[in-house]
Protein chains: 2
Amino acid sequence: MPDQKKRSDCPVSCTLDVFGDKWSLLIIRDLMFTKSCTYGDFQKSEEKIATNILASRLKALEENGVIRKSQHPESKAKVLYTLTEKGIDLLPLIVEINLWGDKYFEIPKQLEAVITEIKEDKPGFISRKMSELKDSITV
Amino acid sequence: MPDQKKRSDCPVSCTLDVFGDKWSLLIIRDLMFTKSCTYGDFQKSEEKIATNILASRLKALEENGVIRKSQHPESKAKVLYTLTEKGIDLLPLIVEINLWGDKYFEIPKQLEAVITEIKEDKPGFISRKMSELKDSITV
DNA sequence: AATTTTGCTTGCATATTGCAAGTGCAAATA
DNA sequence: TATTTGCACTTGCAATATGCAAGCAAAATT
């Protein structure tokens, strides 16, 4: 589990105390851009997160109020993970990470569509996507 | 040193392979927002990074082309660290981290001015600051 | 010439990560 | 009803990364 104690009052430092690792933002990414919403879904993503790390990150993200656990509508055996509003507010950050990554790495073709959409109208994309994400937790 | 092998082709994952730790972006922050440009400057910042970690992060950031080492104009004993264009392009990301951090943590008064400036005109702030940072490496 | 500053490196204890195997409960299948 | 499978984790342990303190060489200062 990542630590709790904050190193300073700087907003960057505080934010990194929560997300400053290689995995947390990938979970957020999955919640935003793929339909991932269960433990198994997160395990399936390309980067192959270790199961104990996944569990510890989900716990930390929940404790930080970024995601929320609830009953899966399909089955009692499943757990539904969803973003909170605090988590949805990370969208602009994830968008900027995508744009920087797109500029400096080779991006697979399947992702180009979204990146192009973002580049064409960033504020528009963000507000549309934020509404979409907020709707999905209000319903 | 953080690892080199990339976990997937996802831009978020690739970016986290470079910055997915608690320290790298604090160094970038210092280069952007304080006048920090030497090893000693980075050590002085509030979060108190360990010297070996600082060395390994500076090395990794340089290897990733995000910062550059050069001769300090004042003295041969000093090393001057500066952002490359690739590093300057991280500004929008740092801005978003600041905004999220500002929204969800208590921010010290001294930082409020910058945050307010960002909130009032984000694109304007970013383009002004980017120019400023680019100028400082061109001169 | 001696001391201090600067930018590191080294050694070692502790913490975090990664991997593999295992557990408990719900649901599907036989 | 008994058994197997799926799902969400937990546990143990080895490998890696971090944090702390001390040390070190070159340059600058005294």
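Chain letters run A, B, ... following the sequence lines, proteins first and then strands; every chain starts at 1.
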Whole-Å distance separating the CD1 atom of A:I49 from the C1' atom of C:dG18
11 Å

Quick check on the hydrophobic clustering: are A:V66 and A:L80 connected, directly or via other members, by side-chain heavy-atom contacts under 4.5 Å?
no

Tell me, with the steps shown, if A:E117 and A:R128 meet salt bridge (Lys or Arg N to Asp or Glu O under 4.0 Å).
CA-CA 11 Å; A:E117 198 188 337; A:R128 283 195 305 278; 3.2 Å; yes

In terms of side-chain heavy atoms of A:A50, which of C:dC19, D:dT18, D:dC9 is nearest?
C:dC19

Whole-Å distance separating the CG atom of A:D17 from the P atom of C:dT16
12 Å

Side-chain atoms of B:T51 come closest, of C:dT17, C:dT9, D:dT10, to C:dT9

Ring geometry between A:F19 and B:W100 (parallel below 30°, tilted from 30 to 60°, perpendicular above 60°):
perpendicular

Residue closer to the 5' end of DNA chain C, A:S75 versus B:L58 (nearest nucleotide):
B:L58

Could you check how far CD1 of B:I53 sits from C1' of D:dT16, rounded to whole Å?
12 Å

Candidates C:dG18, C:dA27, D:dC9 - which lies nearest the side chain of A:W23
C:dG18

According to a strict under-4.0 Å criterion, is A:K22 in side-chain N/O contact with OP1 or OP2 of D:dA17?
no

Pick the nucleotide of DNA chain D nearest each of A:N52 and A:K78; which residue has the one closer to the 5' end?
A:K78

Could you check how far CG of B:D41 sits from C1' of C:dT6, rounded to whole Å?
11 Å

With respect to the side chain of A:K76, which nucleotide from C:dT9, C:dG7, C:dA27 is positioned closest?
C:dA27

When rounded to whole Å, the CG to P distance for the pair B:L54 and D:dA17 reads 18 Å

Take the protein atom CD of B:Q71 and the nucleotide atom P of C:dT6, then report the distance between them rounded to whole Å.
17 Å

Between C:dG18 atom P and A:E47 atom CD, what is the distance in whole Å?
12 Å

Using a cut-off of 4.0 Å on non-hydrogen atoms, how would the nucleic acid contact of B:K48 be classed: base, sugar-phosphate, or nothing?
nothing

Quick one: do A:Y81 and A:D41 satisfy side chain to side chain donor-acceptor pair (under 3.5 Å)? Show the steps, please.
CA-CA 10 Å; A:Y81 287 96; A:D41 288 341; over 6 Å; no

Is the distance from OP1 or OP2 of D:dC9 to the nearest side-chain N or O of A:Y81 less than 4.0 Å?
yes

Integer-rounded Å distance: C:dA27 P and A:E74 CD:
12 Å

Counting any heavy atom closer than 4.0 Å, what does A:F42 reach on the DNA or RNA strands: base, sugar-phosphate only, or nothing?
nothing

Taking the side chain from A:K129 and the backbone from A:F33, do they hold a donor-acceptor pair closer than 3.5 Å?
no

Proximal nucleotide (of C:dG7, C:dG18, C:dA26) relative to the A:A77 side chain
C:dA26

